[in-house]
Each structure stands twice: as C-alpha cells, then as structure tokens.
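Report on the following structure.
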Amino acid sequence: MMYSIAKAEQSLQAKRGDLNLRWYPRYHLAARAGWMNDPNGLVWFDGWYHAFYQHHPYSTQWGPMHWGHARSKDLVRWEHLPVALAPEGPEDKDGCFSGSAVVDGDTLALIYTGHKFHGDPDDEANLYQVQCLATSRDGVHFTRQGTIVDTPPGLHHFRDPKVWREGERWYMVVGARDGETGQVRVYRSDDLREWQDMGVLAVAEKDMGYMWECPDFFTLNGKRVLMFSPQGLAAEGFKNRNLFQSGYLLGEWQPGQPFVREGEFVEMDSGHDFYAPQSFLTPDGRRIVIGWLDMWESPFPEQQDGWAGMLSLPRELMLSADNRLQMRPAREVESLRGAWFPWPVSTLNNQQIVQVESCDAMEVILQWDCANSSAEQYGIRLGDGFRLYVDAQMQRLVLERYYPQYGLCGTRSVALNLNDTLSLRLFVDSSSVEAFVNEGEACLSSRIYPDEGARELTMFAWTGTASLIEAGAWQLE
Ligand code: FRU
C-alpha cells in the first residue's frame with residue numbers, strides 16, 4: 001500500500017464514529033481512532049503547544065508509523081490536527097518513527113527516524129534507520145526534506161532523534177544498539193541539515209540494556225539529565241518490573257567533552273504504564289515531560305473499542321536537593337478543576353466508606369497521618385479492580401489492579417516512611433490513574449479497565465485505624 005496523509009485522514013474520519021467511548025480519556029490525549037504510542041515533537045510554536053505522536057490510523061495495532069498531531073493552548077485541552085507525517089518513502093517507507101521538534105526562526109522543524117527495510121522485512125539485517133527532516137511555516141502542513149543523518153556503519157537500530165539548541169549550535173542525541181549494547185550518540189549542526197558526528201555520548205554498562213530508545217538530554221538546576229528508555233533490563237525485586245523501563249542518569253557534560261555520569265539509572269515512574277517520555281520547555285522556562293501511558297506487549301482492552309494508547313498528563317520536572325528527578329502535574333492541570341467535594345472523614349476504623357458513586361474524571365486529594373495509623377492496609381479502591389493503599393507491614397504504597405478478564409493483574413509499589421504523613425494526588429480518568437506521591441517524590445501510573453457501572457470510589461482501613469489530615473476530590477471538567 002502507498003501511504004499518504006489524505007488516505008490516513010479518510011481512514012480516521014471513517015473510524016472515528018465507530019468508537020466505543022467507555023474507556024476513552026476525558027482529559028488526556030489519545031488518537032482520534034486507531035493506534036498511538038510515543039509522544040513526539042513536543043514543542044511550543046507560534047502561540048500553541050504541539051504534541052505529535054506515533055500513530056497507526058488504519059488499525060488499533062501498531063503498524064506503519066505516521067505522526068499524529070494535536071495542539072493546545074494550555075497543555076490539557078487538545079485540538080486534533082491532520083496527520084503530520086505519513087511513511088511516503090523512500091527514506092521512511094516502513095515508518096516515520098519517533099523524534100522531536102524545534103523552532104528555527106519562523107519554521108517548525110520535525111526531526112524523526114525514517115524506518116526502512118532494504119529487502120525482506122523479516123530479516124533484521126535488512127533494517128536501516130536514518131534521521132530525517134520535515135519543515136513547516138504554519139505548524140500544520142509539513143514539507144519533507146529527506147535524510148539528514150545516515151545509519152552509522154555497522155548499526156541497524158539507530159533512532160529517536162532529540163534536537164536542542166545550545167549556544168550557537170544545534171545538537172542531537174540518537175538512541176542506538178551496537179550488538180547487544182544500548183548507546184546514545186551525539187551530533188551537532190549549524191543549520192539542521194548538515195550534521196557532524198560527535199561520537200558516543202553514553203553506553204550501557206553491564207546489564208543496562210541492549211537498546212536505548214528515545215533519549216533526551218537537558219539541563220535541570222545545572223545538572224545534565226540523560227533521560228531514555230532502555231530495553232533489556234532484568235527485573236530486580238521491586239525494580240524494573242515492566243517489560244521496558246524509562247528513567248534517567250545524571251551527570252556533567254560540555255559540548256565536545258565526554259558525559260561524566262553520577263550515580264545509577266533511576267526509573268521515573270513506578271506504575272505499570274509509562275514509557276518513552278519526552279521533555280520540552282514552556283515559554284516561561286519550565287521543563288515538562290509527557291510519556292506514553294502504556295507498555296509494549298501489555299494487553300490493550302480498548303482495541304475492541306476502536307482505539308489504543310494514550311499519553312500521560314504533562315508533568316513538570318524538578319531536581320530535589322538530593323539530586324533526584326521529581327515529577328508533578330504541570331500547573332495547567334489545575335485549570336481542569338470544577339467542584340470540590342470534601343470528604344467528611346477523619347478516621348477509618350476497620351471499615352470501608354463509599355465516597356463517590358461513579359468516578360471517571362477526578363483528582364483525589366488524600367493526606368494520611370501514617371504515624372498515627374495502626375491499620376495494616378488503608379487506602380482507596382475504584383470498583384473491584386483498582387486499589388491504591390498503604391501496606392503497613394510491607395511499609396510500601398501499593399498500586400494494585402485486578403482485571404483477570406483482560407489479563408491485567410498485579411501490583412507496583414514504592415517504599416514509604418511510615419513515621420511521616422503521606423500526601424497523594426490521584427488523577428483518575430476513564431481508563432487510567434496517575435498517583436503523585438509527596439509532591440513528586442514518586443509517581444505511579446497505570447491503565448485501568450473498570451466495567452461499566454463499577455466505578456465506585458471507596459476508602460478503607462483494615463485491621464486497625466487510619467487517620468486522615470485531608471480528603472476530598474475535584475471533579476475535572
Ligand atoms: C519506543 C519506540 C521507538 C520507535 C517507536 C516506533 O516506544 O520503539 O524507539 O521510534 O517506538 O513506533
């Protein structure tokens with residue numbers, strides 16, 4: 001099949017009306033129909049935030065990648081725009097893979113990976129990935145400019161360019177696989193077209209993965225942050241439980257110098273579903289990150305509804321005093337708040353209380369006084385499938401989902417200090433939850449699939465008491 005933007009739009013128009021919206025997000029970005037994965041090209045241009053994304057407009061399964069496109073004035077109310085890139089070839093004939101966007105004077109430039117097989121696509125030896133450029137003046141229609149960086153000799157997996165401006169130049173990091181070792185390569189340019197190879201920025205040390213996807217490299221509080229999504233890490237206790245991870249390394253770097261890393265790789269989100277995050281700067285200088293709120297090879301029950309995949313809330317990145325990356329919902333998210341419902345409860349004593357009959361778009365605020373709670377388990381439950389609770393014996397905050405009908409059962413958790421208070425901001429949407437812990441100390445994000453009519457929100461405390469300092473919920477518009 002020959003792909004084009006016009007055909008993609010036709011397919012989307014035809015499919016859009018057939019969606020079952022029971023799990024379609026009320027306030028997160030998802031494709032109009034079909035498949036979505038990584039956020040791409042996040043950028044502020046000409047008065048709008050733009051979000052592009054990996055998109056298959058013809059099917060709810062991953063396939064020949066297009067770039068979907070939406071824009072927003074406030075990072076939370078998105079307007080769909082026509083598909084921006086289709087794999088029209090030859091340099092991207094098998095897919096327009098992930099990449100980034102920069103503003104170059106009055107031009108919006110997309111830098112993305114052209115994915116192509118020279119011969120039989122079942123043979124990895126035929127795979128080539130190159131970096132490509134497309135430009136636009138109006139931010140809606142893009143002109144393809146072709147290949148700007150060819151596959152380095154000996155490599156096949158070489159993708160996900162992230163471009164930024166520093167001093168008088170453009171820089172680009174690209175994720176790659178050299179044999180069984182992941183790496184990030186770095187390039188520099190004066191004009192976004194001619195690129196000079198500056199070598200390898202970072203490589204996977206022992207057990208750090210066979211491929212590093214979606215690298216991003218930026219400065220936060222004077223530290224360099226290398227954020228990326230490694231493939232091939234082994235699960236270890238409570239860590240690295242998902243098929244693939246996303247996280248960061250901190251360090252020091254100056255153009256032309258090696259990247260000197262400090263410390264270990266740290267995962268950014270401890271839930272089931274957060275991958276391929278990308279960052280960008282707001283006009284007022286905040287570093288915001290958005291991720292794909294899903295995980296490769298996980299079941300996607302919404303495929304039966306005509307769509308698949310969604311993006312996370314925009315999250316502001318901060319570096320804590322002890323040099324840990326923290327994420328909090330971007331302040332724009334508060335503009336979704338409608339009515340506030342305080343919950344008149346201060347102590348739960350071996351009991352459960354229904355707080356909301358049907359919860360589908362809410363921000364729940366909870367502050368537990370852990371030091372003055374004796375219960376073994378206390379927290380909140382949505383229907384019968386989702387719980388977020390303190391397990392006092394384990395001294396952990398646990399996110400549990402139980403959807404055996406879809407093959408999605410299991411827990412994720414983070415360590416807690418029970419001598420302290422625990423503050424939670426929990427964002428519930430039709431098929432997702434994002435829990436921000438203690439103002440960004442941790443974050444747990446997972447997809448959820450409640451049955452219709454089974455969205456009661458219940459607080460509970462078992463075997464003892466649990467005290468609350470604050471409890472309530474915002475209805476989100
Ligand atoms: C990450 C990723 C990228 C690639 C894209 C393909 O989720 O595998 O490395 O560019 O998805 O859709």
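Atoms within a ligand are numbered from 1 in the order they appear, just like the ligands themselves. These numbers come from the heavy atoms of this one structure, side chains and all, not from hydrogens, waters or symmetry mates. Nothing fancy with the numbering, it's 1 onward along the sequence.
- Closest to atom 8 (O) of ligand 1 among all protein heavy atoms lies Glu213 OE2, 2.8 Å.
- Within the 4.0 Å heavy-atom cutoff, Trp62 counts among the residues contacting ligand 1.
- The shortest contact between atom 6 (C) of ligand 1 and any protein heavy atom is with Gln54 OE1, 3.2 Å.
- With a 4.0 Å heavy-atom cut-off, ligand 1 is reached by the side chain of Asn37 but not by its N, CA, C or O.
- Annotation: side chain of Phe386 is in contact with side chain of Leu388 (closest heavy-atom distance under 4.5 Å).
- Closest to atom 9 (O) of ligand 1 by heavy atom, among Asp38, Asp160, Asp294, is Asp160.
- For ligand 1 and Met65, the ligand atoms under 4.0 Å from any heavy atom of the residue are 12 (O).
- Ionic pairing of Arg425 and Glu363 is present here: one or more N-O contacts between side-chain nitrogen and carboxylate oxygen are shorter than 4.0 angstrom.
- Between Arg177 and Glu124, none of the side-chain N atoms (NZ, or NE/NH1/NH2) sits under 4.0 Å from a carboxylate O, so this pair counts as no salt bridge.
- Taken to the nearest 0.5 Å, the CG atom of Asp178 stands 5.0 Å off from the CD atom of Gln183.
- Residue Tyr275 has at least one heavy-atom neighbour below 4.0 Å for each of these atoms of ligand 1: 1 (C), 7 (O).
- Atoms OG and CG, on Ser335 and Asp74 in that order, are 5.0 Å from each other to the nearest 0.5 Å.
- Heavy-atom contacts of Ser98 reach the following atoms of ligand 1: 5 (C), 10 (O) (cutoff under 4.0 Å).
- In terms of polar-atom proximity, defined here as any N/O pair under 3.5 Å, Trp296 does make such a contact with ligand 1.
- Checked against Phe52 for a ring-ring contact (aromatic ring centres under 6.0 Å, His included), the options Phe97, Trp67, Phe280 give a single hit: Trp67.
- Remark: Asp216 engages Lys162 in a salt bridge, criterion side-chain N to carboxylate O under 4.0 Å.
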